[in-house]
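Worksheet: the structure to be examined is printed underneath.
By convention in this document, chain letters (A, B, ...) are assigned in the order of the sequence lines, proteins followed by strands, and residues within each chain are numbered from 1. Atoms considered below: every heavy atom in the structure, side chains included; atoms not considered: hydrogens, waters and symmetry mates.
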Protein chains: 2
Amino acid sequence: MVSAPLDTIERPSAAKERLRLWIRLLRASRLIEGELRERLKRDFDSTLPRFDVLAALYRQPDGMLMSDLSRFLLVSNGNVTGIIERLVKDGLVSRAAREGDRRASIVKLTATGERRFTEMAAAHETWIEEFLGDVSRSDAERLSATLKTFRSNWEDGH
Amino acid sequence: MVSAPLDTIERPSAAKERLRLWIRLLRASRLIEGELRERLKRDFDSTLPRFDVLAALYRQPDGMLMSDLSRFLLVSNGNVTGIIERLVKDGLVSRAAREGDRRASIVKLTATGERRFTEMAAAHETWIEEFLGDVSRSDAERLSATLKTFRSNWEDGH
DNA sequence: CTGCAATATTTCAACCTTGAAATTTCATGC
DNA sequence: GCATGAAATTTCAAGGTTGAAATATTGCAG
């Protein structure tokens, strides 16, 4: 037993590789998020959290509960309260008590909100294409699959 | 010319694939960030932004300027001001005017800060291994390489 | 019915974040 | 010397974020 396993000598451990991955993942998201934030502000006088809420509601024409939204977006309840408040004030979202349950509110896009969102979504798509256009289709598929697996495993255990 | 190109019929366009990639990237970072935030709070009564600053300073024993920090961490100047304020109050970071230039402050870890950071960093590594342990070494390497390429291309153009 | 746990949301303090304006200090051309 | 622009940082308002405590409503066991 003179030598350690090859893995620990000849290249970074798998753990180090995963740590490096996390750091790059974080930096990439921050770069992209920062750029998106800037453009949403510039072109639509809006924000990323608002965009996320609109996107979630767009997929659910029958509306969502506040708690549905916070679960789906991975943010706290109190957070959603504030964001919805502003979207309602801007006329992009409507809010009504759920039939027969005055605790729950059902939140929907208004017609204006829907129109506004489709504009934002179109711009968003071209921006992402601008940012990630250099990633080949096969890389995108592989990466995407890895991240999906990660998330499934994660959510099963938590 | 009866049929469109195969790409557009048989599977999502490369652009859609990249959009999907972005969404998964974002969700993965948020899941991990959320979990890290929770544990840093629970075990060290600290936060992710503070951890990031300590990590940056740990790599630069001679200290950094406020502006170095904000550039490296991809956050605004004003942001760094507040975080450093709290770290100084907690005794983890020291601050002094740069020799011969009273505009600039050089920020360093204190001995306490260095000790504290190494504890946090050790925990951080085991957490990341817990989160990403299911990602194989080769997947980690591939993903990491793709993200690195993306970032290089990005930073060249901006 | 009535009390009490569960559910849905809001409130609040503390912190993070940005971008723009203000402040302080430095460097340089005249 | 000195104005004046550049550089480094701070300040500030507006918004995003969390987690814990408070509020309001519902459902249900007895």
Side-chain angles (χ1 to χ4, degrees), chain A residues 26 29-54 63-90 92-93 95-107, chain B residues 26 29-54 63-90 92-93 95-107:
Chain A
L26 187 56
S29 329
R30 288 193 181 165
L31 272 174
I32 298 178
E33 277 192 273
E35 196 67 24
L36 286 179
R37 191 189 319 112
E38 203 172 313
R39 296 186 184 197
L40 282 172
K41 181 78 193 264
R42 186 192 61 195
D43 294 352
F44 298 98
D45 191 30
S46 189
T47 68
L48 204 42
R50 271 135 139 131
F51 178 75
D52 290 342
V53 166
L54 296 180
M64 296 176 82
L65 298 184
M66 302 293 277
S67 37
D68 291 340
L69 272 171
S70 73
R71 196 172 328 103
F72 179 72
L73 298 175
L74 307 175
V75 301
S76 68
N77 276 343
N79 190 357
V80 172
T81 298
I83 295 170
I84 290 291
E85 238 166 41
R86 291 168 207 117
L87 287 173
V88 168
K89 180 155 57 84
D90 292 350
L92 304 186
V93 159
R95 212 178 166 173
R98 175 166 61 182
E99 191 79 10
D101 185 348
R102 273 174 300 183
R103 287 170 306 181
S105 346
I106 295 184
V107 182
Chain B
L26 188 54
S29 327
R30 286 192 181 165
L31 272 174
I32 298 178
E33 276 193 274
E35 195 67 25
L36 287 178
R37 191 188 318 110
E38 203 172 312
R39 297 185 183 198
L40 282 172
K41 182 79 192 265
R42 185 191 63 194
D43 295 352
F44 298 99
D45 190 32
S46 189
T47 67
L48 204 43
R50 272 135 140 132
F51 178 75
D52 289 343
V53 167
L54 296 180
M64 296 175 82
L65 298 185
M66 302 294 276
S67 38
D68 291 339
L69 272 171
S70 74
R71 195 173 328 104
F72 179 72
L73 298 176
L74 308 175
V75 300
S76 68
N77 276 344
N79 190 359
V80 172
T81 298
I83 296 170
I84 289 292
E85 240 165 38
R86 292 168 208 118
L87 287 173
V88 169
K89 181 156 57 84
D90 293 349
L92 304 186
V93 158
R95 213 178 166 172
R98 176 165 61 181
E99 191 78 12
D101 185 346
R102 273 174 299 182
R103 288 173 305 181
S105 348
I106 294 184
V107 181

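- Computed from coordinates, the B:Asp101 CG to C:dC26 P distance equals 6 Å when rounded to whole Å.
- Whole-Å rounding puts the A:Leu69 CG to D:dT18 C1' distance at 17 Å.
- The line from CG of B:Leu87 to CZ of B:Arg95 is 10.5 Å long, rounded to the nearest 0.5 Å.
- Residues from residues 72-83 of chain A placing a heavy atom under 4.0 Å of any atom in DNA chain D, listed by number, are A:Leu74, A:Val75, A:Ser76, A:Gly78, A:Asn79, A:Ile83.
- OP1 or OP2 of D:dT9 sits under 4.0 Å from a side-chain N or O of B:Ser67.
- When heavy atoms are screened at a 4.0 angstrom cut-off, A:Arg71 is found touching no nucleic acid atom at all.
- Rounding to the nearest 0.5 Å places CG of B:Leu48 at 12.0 Å from CD of B:Glu35.
- Between atom CG of residue A:Leu73 and atom CE of residue A:Met64 there is a gap of 7.0 Å, rounded to the nearest 0.5 Å.
- Atoms CD (A:Glu33) and C1' (D:dT17) sit 13 Å apart, rounded to a whole Å.
- Contact check, A:Arg102 against D:dT26: a side-chain N or O comes under 4.0 Å of OP1 or OP2.
- No contact: A:Leu48 has no heavy atom under 4.0 Å from any strand.
- Atom-to-atom, CE of B:Met66 to C1' of C:dT24 comes out at 15 Å; the value is rounded to the nearest Å.
- With rounding to whole Å, B:Glu85 atom CD is found 14 Å from C:dT17 atom P.
- Closest of all the heavy-atom pairs between A:Gly63 and A:Ile106 is CA-CG2, 4.0 Å.
- Taking atom CG of residue B:Asp68 and atom P of nucleotide D:dA8, one finds them 9 Å apart after rounding to whole Å.
- Atom CG in B:Leu65 sits about 17 Å away from atom P in C:dT25, given to the nearest Å.
- With DNA chain C read from its 5' end, the first of the two nearest nucleotides for A:Ile106 and A:Gly34 is the one closest to A:Ile106.
- Using a 4.0 Å heavy-atom distance criterion, B:Arg42 is classed as making no nucleic acid contact.
- In this structure, CG in A:Leu65 is found 8.5 Å from CZ in A:Arg71, a value given to the nearest 0.5 Å.
- Between atom CZ of residue B:Arg30 and atom CD of residue A:Glu33 there is a gap of 5.5 Å, rounded to the nearest 0.5 Å.
- Distance from the side chain of A:Glu38 is smallest for C:dG19 among the nucleotides C:dT9, C:dG19, D:dT9.
- Between A:Arg30 and A:Ser105, the one whose closest nucleotide on DNA chain C sits nearer the 5' end is A:Ser105.
- When the P atom of C:dC26 is taken as reference, atom CZ of B:Arg98 falls 10 Å away, rounded to whole Å.
- Of the inter-residue distances, the one linking A:Asp52 atom CG with B:Leu26 atom CG reads 6.5 Å to the nearest 0.5 angstrom.
- Under 3.5 Å, the side chain of A:Arg103 and the base of C:dT7 form at least one donor-acceptor pair of N or O atoms.
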